[in-house]
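All values derive from a computational prediction rather than experimental measurement.
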Amino acid sequence: MATQPLRVKKIKFLLAWIIANSIGGFLIGFLENNGAQFMATLFFSGAIIGSLQWAVFRWIGTKGLQWTLWPIVSALGWIITTALSTLFIHLDSLTETLVSQVGLWEVFWLNLLLQPVWIICMAIAQGIILGYHTRRRMRILGIWLAASCLGAAIHGATNAVLCSQFCQTLPKLLVGIVAAKGWAIYGIITGLAMLWTLNQMLTNDQNS
C-alpha cells in the first residue's frame, strides 16, 4: 500500500508537467501570431517554458538555489541556441532534399529539424541542474538531452501537421492551441524522463 501514494504523486506530477508545458506552448503560439513572432520565437520561449516548469517543481516542493535558477538558465539557453542557429544554420538544401526524396513538405522538415536545435542549450543547462545532487551527472544529462531533443522534434513535426490543417481557419487569438498540443507532446516525453531523473535523485539521497 505504501507504493500507492507514490504512484499517485507521479501521475499528478506528470499531468501537471504536461499541462504546464501546454500552457507555455499556448502563450508562445499566441505571441507568435499576435504581433510578437520574432521576440516570442527567439527570446521568450525558453523563459515561458522554463518558468512554468519551475512552477511544477515548486508545487511538488523542490527547494534550493539550483531550482530557482531553472527559469533563468532555460531562458538563456534558448536564446543562445536560437541566436546561433539563426546566424549559422541553414537547412534549405537539406529540407529540399528530404521533400524530394521522402515527401511531405518543407515546413514539416524544417520544424522537425530546427526544434531540437533550438532546445539544445536549454536542455544542457537544465540537465546540469538535474544532475547537481547526484553522482550520475553525465547519465542524467544524456537522458535529459535525448528526451528534450526527441520531444522537441516530435513537437515541431506535430505543429507543422496541425498548423497546415487548422492555422488558416482558427482566429489569431486561438492559434496558440496548435502550439499547445505540440508542447504537450514534448511535455509527455520530458515528463517521463523527469520522473526517472527525480527517482534517481531520491535513490541518491537514500544512499547518502
Side-chain angles (χ1 to χ4, degrees), residues 13-14 16-18 20-25 27-28 39-58 60 62-91 94 110-159 179 182-205:
F13 170 82
L14 183 59
W17 184 264
I18 295 169
N21 284 282
S22 299
I23 293 171
L27 293 174
I28 294 166
M39 295 298 291
T41 302
L42 297 184
F43 294 105
F44 295 158
S45 296
I48 291 170
I49 294 296
S51 296
L52 287 162
Q53 290 173 344
W54 173 78
V56 178
F57 292 136
R58 291 286 294 174
I60 65 172
T62 52
K63 297 179 181 179
L65 177 61
Q66 72 276 14
W67 297 111
T68 304
L69 292 174
W70 187 275
I72 299 171
V73 301
S74 299
L76 293 177
W78 183 276
I79 290 169
I80 290 169
T81 39
T82 52
L84 290 175
S85 66
T86 301
L87 293 173
F88 300 111
I89 297 177
H90 303 285
L91 298 173
L94 177 57
L110 193 62
N111 279 17
L112 179 70
L113 296 170
L114 270 182
Q115 285 293 336
V117 171
W118 286 349
I119 214 165
I120 283 176
C121 280
M122 183 175 99
I124 291 172
Q126 291 175 340
I128 291 171
I129 288 178
L130 290 173
Y132 183 79
H133 282 306
T134 73
R135 302 185 191 93
R136 304 168 183 174
R137 291 182 179 88
M138 295 308 297
R139 187 180 181 188
I140 286 174
L141 176 59
I143 293 291
W144 183 249
L145 184 59
S148 297
C149 289
L150 175 62
I154 299 176
H155 149 54
T158 302
N159 267 12
W183 279 102
I185 292 173
Y186 162 87
I188 293 170
I189 295 172
T190 56
L192 293 172
M194 183 63 72
L195 284 176
W196 176 86
T197 301
L198 294 175
N199 187 63
Q200 296 299 305
M201 292 179 181
L202 180 61
T203 303
N204 185 74
D205 289 342

Donor-acceptor under 3.5 Å (Thr158 side chain, Gly182 main chain)
no
Between Ser85 and Trp118, is the side chain to side chain donor-acceptor pair (under 3.5 Å) condition met? List the steps.
CA-CA 7 Å; Ser85 66; Trp118 286 349; 2.9 Å; yes
Any chance you could measure Ile140, atom CD1, to Ile129, atom CD1, to the nearest 0.5 Å?
12.5 Å
Would a distance-only check, ignoring hydrogens and angles, find a side-chain to backbone donor-acceptor pair under 3.5 Å from Trp67 to Phe57?
no
With rounding to the nearest 0.5 Å, note down the distance linking CZ in Arg139 to OG1 in Thr197.
10.0 Å
For Trp183 and Gly25, work out which heavy atoms get closest and say how close.
CD1-CA, 3.2 Å
Is a donor on one side and an acceptor on the other found under 3.5 Å between the side chain of Thr82 and the backbone of Ile79?
yes
In short, Ala157 meets Leu112 closest at the heavy-atom pair CB-CD1, 3.9 Å
Of all the heavy-atom pairs spanning Asn111 and Pro116, show the shortest one and how long it is.
O-CD, 4.3 Å
Please check this pair: side chain of Arg137 against backbone of Ile128, looking for a donor-acceptor N/O pair closer than 3.5 Å.
no
Between Phe44 and Ile28, is any pair of side-chain heavy atoms under 4.5 Å apart?
no
Would you give the length of the straight line joining atom CD1 of Ile120 to atom CD of Gln115, rounded to the nearest 0.5 angstrom?
11.5 Å
In terms of heavy-atom contacts, Ile189 and Ala147 come closest through CG2-O, 3.5 Å
Let me see the working for Leu141 and Leu130 under side chain to side chain contact (heavy atoms under 4.5 Å, CB included), right down to the final yes or no.
CA-CA 7 Å; Leu141 176 59; Leu130 290 173; over 6 Å; no
For a quick test of reading the model, state the closest non-hydrogen atom pair linking Val73 to Ala125 and the distance between them.
CB-CB, 3.7 Å
Report yes if some heavy atom in the side chain of Ile48 is under 4.5 Å from a heavy atom in the side chain of Leu52; otherwise report no.
yes
Where Met194 and Phe13 come nearest, the two heavy atoms and their spacing:
CG-CZ, 3.4 Å
Can Trp144 and Ile124 be said to form a side chain to side chain contact (heavy atoms under 4.5 Å, CB included), step by step?
CA-CA 8 Å; Trp144 183 249; Ile124 291 172; over 6 Å; no
Atom pair CD1 (Ile143) and CE (Met138), whose distance is rounded to the nearest 0.5 Å:
12.0 Å
Any donor-acceptor N or O pair under 3.5 Å, side chains Ser74, Gln53
no
Distance check, rounded to the nearest 0.5 Å: Ile49 atom CD1 versus Ile119 atom CD1?
8.0 Å
In Å and rounded to the nearest 0.5 Å, what is the OG to CD1 distance from Ser22 to Ile188?
8.0 Å
Hey, does the side chain of Asn21 reach the backbone of Trp17 with a donor-acceptor pair shorter than 3.5 angstrom?
yes
